[in-house]
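Here is the structure we will look at, set down as structure tokens.
So that the names make sense, note that chain A is the first sequence line, chain B the second, and so on, each numbered from 1. None of the values given here were measured: they were computed from a predicted structure.
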Number of protein chains: 2
Amino acid sequence: VSDLLATSRHLREHLIRRATLLVDERRARSNIETFVQRAANANVILRPHFKTHQSAKIAQWFGDAGVTRATVSSLGQARYFADHGWQDLTLAMGANPREVADYDDLAARIDLGLLVDHPHTIAALASGLNHPVGCWLDCDTGYGRTGVPWHDTDRLHDLVSLIEDAPNLTFRGLLTHAGHGYVAEDPANTFSQTRLRLQEAHTVLKRGLLSAGDTPGFATTRDWSGLDEARPGNFVFYDLMQLEADICTADQLACAVACPVIGVYPERQEAVIHAGAVHLSREALQDGSFGRLLGLGEIGFEGLLPGWELERLSQEHGILKAIGDQARAELVNLRPGNLVLVAPVHSCLTCEQFDCYQTLAGETLPRYHRESF
Amino acid sequence: VSDLLATSRHLREHLIRRATLLVDERRARSNIETFVQRAANANVILRPHFKTHQSAKIAQWFGDAGVTRATVSSLGQARYFADHGWQDLTLAMGANPREVADYDDLAARIDLGLLVDHPHTIAALASGLNHPVGCWLDCDTGYGRTGVPWHDTDRLHDLVSLIEDAPNLTFRGLLTHAGHGYVAEDPANTFSQTRLRLQEAHTVLKRGLLSAGDTPGFATTRDWSGLDEARPGNFVFYDLMQLEADICTADQLACAVACPVIGVYPERQEAVIHAGAVHLSREALQDGSFGRLLGLGEIGFEGLLPGWELERLSQEHGILKAIGDQARAELVNLRPGNLVLVAPVHSCLTCEQFDCYQTLAGETLPRYHRESF
């Protein structure tokens, strides 16, 4: 733990001066290939969500594995991936009437899918679009965030009719995000319920595809029957939340933040790193902690280092707690300037705090940077 | 609530398409002037922390009020403000031995203050600096994050000696951040304890200035005696955490995020905005909620809208709950594409998620953008 650089040829000393987002390419490509294979076995279209990585270079790893379609969660991400050659994108976020002109510009150059659940939004698209757009109806299968409840057949019928009557909108099908699978005791059970509920709605509508997307469901279940399309995203990197929920194993964790130690306090079994909420996000595990330490070896990331918890976070500081004899012995040897590797609680939020990844081979992979105006 | 734009001449329709960080200049300047006046009355140097706003334009509002010194929390912020003419900056974050060459470059062109609490860091500065740097000793007055405990007189003495013996380091004094004031039942009491503990350490050392910095202490107490320097930062905008702790009033809240509604669900008294953890951060109030709605009038921000809570957040979505008859009546009239104004829980973290502010007069104020490698 005392200095990650000492244990890896892959990181040159001068590269890491401050909190830096690392990706283990070997692990990420393996995670991608696993899902591509499962989708092929299930005869389901894989349209992975790119909001987790938001990097054209990492998107290419998906392309290398045969993926040609993707999902995004903002107009800016859609433009970014369109600029990098992705021709078939679904913006799986309720369409925003204020961005219709931007959607139309994008629909002029790619095959764009949008998501709706409100007559007002459909009307705004109908009046503002000059180019054809695929239109998904957001179906709430139990998460309770957005969408029409799966059993509300009158509203489903009415909204599909509005879509079908709108110029430049083509009804694609029902799209759901079963986000409650992330906190479910049994994600496989939630996934099975999600598929049944989508099929129930489809039986009523008698048309359209069925698209579902969440890593816990697809990662824990091999039976994807009843679905046409899968949109998981987090699986490219996974994270400690997924590990805590038994969705992944520690050797699938594919991104982490290298952080410089700036303070060492053996008297209270703590060290402080210059990496806080602005680097890692404030997402916490069930025990309230904000991360764990990972080992780094010759080939890449290794397992979690026992006894180390990122116990508290402020804006720029992270407070590491050493629990147990081994971690406390390591703490005594720690010095300001040493690096530690923090596995993130929620990789989607942590990666969002960085403009780029560094691979263990020293390559820089730029990320989309969110336009804030 | 239904559409902020309808209630304000200041925002032109075309400006706001997606989540946008707004600043009420009148309120922020008033917050600044209040603190400048208090520091003058207390005969204490005001060296405000710029980590909250991180904007050269907003820094100029401090300059307009007579402020010439500032505090920052990263090397990148220090370089940014130096590039914008700030000649006297303290980097109030434990110095990172990996950045010594960068500190040295900066020290060649401004009056730079650094913070230390470890012999190894002092040694790294001593061997790597070619230009003079002011060196503060980090003193822990009870927060338990970084620094030497105020009562550990042997270590205080030893570290001051190391600083005084190092070429290019000049001992400036003791610096503390009493961050426990943010969660204290009585922040004024914490502040009084902080000042007494700093003075206790000073009585032993018999040299150096005393610098303290936290908004709760300085906002709730007029008696700043015993201190030479004040480094609060959050007061420029305040936020809901400060309001919840009675540190500020609602009419001092000076930044907020305009967010487009993308879903309306009267059957469950909820609406959904396209603004989630990546826009607002996951910092929560004591009741677990992630924000409140603010009104917007002709002159600027108004009071909090009763009955509205930002109840849940995912990566890009925020779920607004309407509680009580008034909010529920407003909810029924809400449509996708309407804007709402979300007051942040912790303004330092929310502002970090944006590259710029928009003033209510339509001016764009760029922010420092953190270098992620």
Tell me, do [X] and [Y] make a side-chain contact under 4.5 Å, heavy atoms counted?
| X | Y | value |
| --- | --- | --- |
| L339(A) | R98(B) | yes |
| D355(B) | H369(A) | yes |
| E316(A) | Q77(B) | yes |
| R282(A) | H346(B) | no |

Can you say whether [X] sits under 4.5 Å from chain B via the side chain, the backbone, both, or neither, judging by heavy atoms?
| X | answer |
| --- | --- |
| S73(A) | both |
| A95(A) | backbone |
| P336(A) | both |
| E270(A) | side chain |
| R312(A) | side chain |
| D102(A) | side chain |
| E267(A) | side chain |
| H120(A) | side chain |

Evaluate the side-chain hydrogen bond (donor to acceptor under 3.5 Å, both in side chains) criterion for residues S314(B) and R145(A): first the C-alpha distance (whole Å), next the side-chain angles of each, then the deciding distance (0.1 Å), finally the verdict. CA-CA 9 Å; S314(B) 41; R145(A) 185 178 69 178; 2.7 Å; yes
So, R17(B) and E99(A), do they make that salt bridge, N to O below 4.0 Å? no
Note: vs chain B, highest number of non-hydrogen pairs under 4.5 angstrom among G276(A), G144(A), G147(A), P119(A) is G144(A)
When T121(A), T20(A), I319(A), T146(A) are compared by non-hydrogen pairs under 4.5 Å with chain B, the top option: T146(A)
For Y265(A) and D140(B), which I'm curious about, is there any donor-acceptor pair between the side chains at under 3.5 Å? no
Between the side chains of E352(B) and Q353(A), does any donor sit under 3.5 Å from an acceptor? no
Chain A interface, residue from [options] that has the most non-hydrogen pairs under 4.5 Å:
| options | answer |
| --- | --- |
| V148(B), L349(B), T364(B) | L349(B) |
| L75(B), V264(B), I262(B) | I262(B) |
| R367(B), K51(B), H274(B), H317(B) | H317(B) |

Which atoms of [X] are under 4.5 Å from chain A, going by heavy atoms: the side chain, the backbone, both sets, or neither?
| X | value |
| --- | --- |
| V278(B) | both |
| A124(B) | neither |
| H118(B) | side chain |

Look up atom [atom1] in [X] and atom [atom2] in [Y], then write down how far apart they are to the nearest 0.5 Å.
| X | Y | atom1 | atom2 | value |
| --- | --- | --- | --- | --- |
| H49(A) | Q315(B) | NE2 | CD | 7.5 Å |
| I273(A) | N96(B) | CD1 | CG | 11.5 Å |
| R370(B) | H279(A) | CZ | NE2 | 4.0 Å |
| R18(A) | S74(B) | CZ | OG | 8.0 Å |

Does K57(B) NZ have over 12 foreign heavy atoms under 6.0 Å away? no
Show the nearest heavy-atom pair for residues P97(B) and G337(A), with the distance to one decimal. CD-N, 3.6 Å
